[in-house]
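Presented below is the structure to which this report refers.
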Amino acid sequence: HSLKPHVWRRLHGVILPQAPALPVKDIGKIAPPGTGLLNDVKDTDEPEPRWLRMLREALRGNDREAIVLRIDALLDSSAPGFQPGGLGNLFAAYARRSLLVCNDNKVRLSVGTACAYVISTAKRLGGLVGPDDLLDWGSVEWTALYEEALVDAENEKGRRRKLVRTLRDFQRYLGLDHGVEKIDEAEVFGSADGLVSVDANIISHDEFSRIRERFTQDVANEIHPDLATIAWLTFTLAYRCGLRRMEALKLELADVLIEAPAELLVRPTTSRRLKTKSSTRKIPLYALLDAEELGRLRGWLEKRREMERAHPYSVFLFSLPQLNYFFVPQDTMFKLLHRVMREVTGDSTLRFHHLRHTFATRTFIALMSSNAVNQKSLVAALPGFTSVLENASEFRKRLYGNTRMTRRDIWAISSLLGHSGPDISVQHYVHLFDLALADQLSQPEIAPSTSVVIAASGKSAAQAYRHRNECGLQNWIASMWR
């Protein structure tokens with residue numbers, strides 16, 4: 001998918017007051033319930049929070065009344081996770097409603113389907129959030145969470161479409177029972193047939209640099225200086241390494257292997273459940289971070305280790321004992337990041353997850369441009385990425401250890417993102433294939449000759465040659481379509 005039109009305009013210096021939204025008429029009712037998510041109810045060997053295990057146990061069987069009684073017992077127990085505001089409490093209450101109340105189609109779900117909806121939602125959303133009270137979230141936070149859950153979902157046998165149904169139903173529950181702020185369902189979930197739009201937005205490298213400057217200048221004077229440092233590092237790791245929200249926030253001290261060659265371990269822990277097995281990965285910091293960024297990360301790591309030696313408090317890298325933050329709450333961190341990102345770029349639609357899109361797209365364009373036919377045209381098409389394009393060969397050498405071309409670039413990007421294969425990466429994260437195609441089609445043996453273009457244009461040869469000499473043949477062709 002190519003970038004949204006308003007993103008192209010922003011990258012070229014034209015700021016729109018607001019990105020266009022999909023028509024309201026595209027918002028459909030919840031589709032009839034399906035059974036494609038029933039496998040989620042089965043036990044798994046993957047690490048899960050205790051509250052999810054307890055919820056699974058309560059949802060066993062086909063006796064609707066017995067299941068509701070077990071859910072009520074959980075809600076009254078105040079067990080870990082099931083106290084008011086806990087994740088277990090939220091999803092148990094959702095399970096109760098799903099079993100007792102009809103959906104938008106005036107249908108009461110079967111026991112199996114209702115349980116599948118609840119467990120599927122709990123698995124995909126519960127692993128992406130921390131202990132925050134989610135009912136305090138606004139539409140921005142819920143939109144980002146749903147998009148992150150949907151983008152990385154496998155598309156086998158219509159699983160994405162069924163997940164859309166599930167999340168629609170969960171969002172309906174949040175609005176009816178808890179008064180949670182409405183989201184733009186057409187933008188997040190797509191049309192009624194389950195087609196999901198791709199949130200194709202990125203920031204330029206120049207915007208990245210300006211945003212970071214804000215954290216070291218203005219923002220550092222507004223908040224605790226250590227929190228500003230954590231924001232700088234979180235933002236940098238997301239842009240440079242493509243980390244997901246909780247992958248970044250819940251990094252542990254032991255995950256950072258700072259000595260050369262510096263690497264970052266992304267792995268499941270008791271406090272962080274990864275989305276898929278392929279999400280477990282080793283990220284080459286030595287290839288993705290520059291010397292200044294590695295130095296800042298090393299400095300913060302040493303500071304945190306010193307804190308723990310003096311007064312043991314938390315295993316997390318981004319912990320602030322002086323503020324009683326076992327790890328920085330995502331509500332605190334992402335509201336800060338979103339505010340600064342939007343103030344600097346002028347794009348009110350930007351979210352933290354777009355940094356993951358940026359990483360995939362920027363890495364692709366850097367690897368592709370190291371062997372581009374016409375790199376000058378890429379520089380013109382991507383203002384703000386000049387330094388990325390100019391250092392493309394050096395980046396390839398750091399990543400691969402050589403500058404030889406390979407057909408496995410997309411596989412490398414997929415591996416860095418933590419995807420099982422390139423299909424999800426290509427469909428949802430890499431947004432500049434149109435530029436790569438144009439570059440390849442401009443090769444002399446493929447591109448049409450000047451005489452063919454002139455004949456097709458209906459313009460005079462003199463006009464064509466004047467444009468070619470002044471701004472290039474491609475720019476002249478483009479001007480005829482404006």
Side-chain angles (χ1 to χ4, degrees), residues 144 201-220 222-253 255-258 260-266 281-304 316-320 327-328 330 332-345 350-363 365-366 384-385 387-388 391 394-395 398-399 413 416-418 429:
N201 201 347
I202 63 173
I203 63 171
S204 71
H205 191 72
D206 288 355
E207 289 172 330
F208 164 71
S209 299
R210 295 203 308 272
I211 291 168
R212 286 205 310 189
E213 287 177 6
R214 285 287 302 276
F215 287 118
T216 57
Q217 297 174 4
D218 301 341
V219 175
E222 300 172 4
I223 60 177
H224 193 286
D226 283 348
L227 186 57
T229 298
I230 289 175
W232 192 97
L233 288 170
T234 303
F235 178 71
T236 298
L237 288 173
Y239 175 86
R240 292 290 196 187
C241 304
L243 296 184
R244 299 179 176 95
R245 291 152 36 111
M246 300 312 291
E247 288 176 348
L249 277 190
K250 288 194 173 182
L251 281 171
E252 297 186 0
L253 293 166
D255 293 334
V256 185
L257 310 179
I258 201 65
E263 295 176 317
L264 187 69
L265 304 180
V266 180
R281 59 201 190 276
K282 186 185 293 184
I283 295 178
L285 297 178
Y286 60 86
L288 301 178
L289 301 188
D290 62 27
E292 179 196 358
E293 292 159 352
L294 276 174
R296 289 206 181 199
L297 180 59
R298 179 190 297 274
W300 178 253
L301 179 64
E302 292 174 351
K303 183 173 183 175
R304 279 289 298 120
F316 293 108
L317 176 66
F318 297 134
S319 171
L320 285 177
F327 64 89
V328 177
Q330 59 177 324
T332 300
M333 178 55 60
F334 295 125
K335 281 185 177 178
L336 173 62
L337 291 173
H338 290 162
R339 174 173 68 83
V340 177
M341 289 167 65
R342 293 166 184 175
E343 286 177 354
V344 171
T345 63
L350 272 176
R351 289 185 289 275
F352 181 82
H353 194 62
H354 291 138
L355 298 176
R356 187 164 159 83
H357 288 247
T358 302
F359 166 76
T361 300
R362 179 178 52 81
T363 303
I365 206 68
F385 287 86
S387 61
V388 173
N391 297 309
E394 180 185 341
F395 173 72
R398 290 202 311 270
L399 188 63
I413 294 171
L416 290 170
L417 286 170
Y429 285 96

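Throughout, residue positions are numbered sequentially from 1 according to the sequence presented.
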- Query: How are the rings of F208 and F235 set to each other: parallel, tilted or perpendicular (split at 30° and 60°)?
  - Reply: parallel
- Message: Distance check, rounded to the nearest 0.5 Å: L285 atom CG versus D290 atom CG?
- Response: 11.5 Å
- Message: To the nearest 0.5 Å, what is the distance between CZ on R212 and CH2 on W232?
- Response: 4.0 Å
- Message: Once rounded to the nearest 0.5 Å, what's the spacing between atom NZ of K250 and atom CZ of R244?
- Response: 15.0 Å
- Message: A side-chain contact here means heavy atoms from C-beta on lying under 4.5 Å apart; do D255 and L317 qualify?
- Response: no
- Note on the structure: For A366 and F395, the nearest pair of non-hydrogen atoms, with its separation, is CB-CD2, 3.9 Å
- Could you check L251 against L264 for side-chain contact (heavy atoms from CB on, under 4.5 Å), going step by step and ending with a plain yes or no? CA-CA 9 Å; L251 281 171; L264 187 69; 3.9 Å; yes
- Item | Any donor-acceptor pair under 3.5 Å from H354 side chain to R351 backbone | yes
- Message: Quick one: does any side-chain atom of R281 pair with a main-chain N or O of V266 as donor and acceptor, under 3.5 Å?
- Response: no
- Compare every heavy atom of V328 with every heavy atom of L249, then report the nearest pair and how far apart it is. CD1-O, 3.7 Å
- Of all the heavy-atom pairs spanning L289 and E293, show the shortest one and how long it is. CA-OE1, 3.4 Å
- Message: Assess the residue pair R362 and I202 against the criterion (side-chain contact (heavy atoms from CB on, under 4.5 Å)); give the C-alpha distance rounded to whole Å, side-chain angles, the decisive distance to 0.1 Å, and a yes or no.
- Response: CA-CA 9 Å; R362 179 178 52 81; I202 63 173; over 6 Å; no
- Message: Within the 4.5 Å heavy-atom criterion, are S204 and T345 side-chain neighbours or not?
- Response: no
- Got I283 and L237 here, is their nearest side-chain heavy-atom distance under 4.5 Å? no
- Task: Search all heavy atoms of M341 against all heavy atoms of L350 and return the closest pair with its distance.
- Result: O-CD1, 4.1 Å
- Do the side chains of T234 and F352 get nearer than 4.5 Å, heavy atoms only? yes
- Which heavy-atom pair separates V344 from E207 by the least distance, and what is that distance? CG1-O, 4.4 Å
- Task: Take the angle between the ring planes of Y429 and H353 and call it parallel below 30°, perpendicular above 60°, tilted in between.
- Result: perpendicular
- Note, L337 side chain near F215 side chain (heavy atom, < 4.5 Å): yes
- In Å and rounded to the nearest 0.5 Å, what is the CZ to CG distance from R245 to L355? 12.0 Å
- What's the spacing between L294 CG and L288 CG if we round to 0.5 Å? 9.5 Å
- Task: Please examine the side chains of T229 and L233, heavy atoms only from C-beta on, and report whether any two atoms are closer than 4.5 Å.
- Result: yes
- Show your working on side-chain contact (heavy atoms from CB on, under 4.5 Å) between D226 and W300 and close with a plain yes or no. CA-CA 9 Å; D226 283 348; W300 178 253; 3.9 Å; yes
- Main-chain N/O of S387 paired to N391 side chain as donor or acceptor, under 3.5 Å: yes
- Query: Minimum heavy-atom separation for F385 to I203, with atom names?
  - Reply: CZ-O, 3.6 Å
- Query: Is T361 reaching over with its side chain to a backbone N or O of T358, donor-acceptor style, under 3.5 angstrom?
  - Reply: no
- Query: How far apart are the C-alpha atoms of T216 and R296, what are their side-chain angles, what is the distance that settles it, and do they pass the side-chain contact (heavy atoms from CB on, under 4.5 Å) test?
  - Reply: CA-CA 12 Å; T216 57; R296 289 206 181 199; 3.4 Å; yes
- Non-hydrogen side-chain atoms of L417 and R356 separated by less than 4.5 Å: yes
- Query: Got a second to check how far T332's OG1 is from L227's CG, nearest 0.5 Å?
  - Reply: 7.5 Å
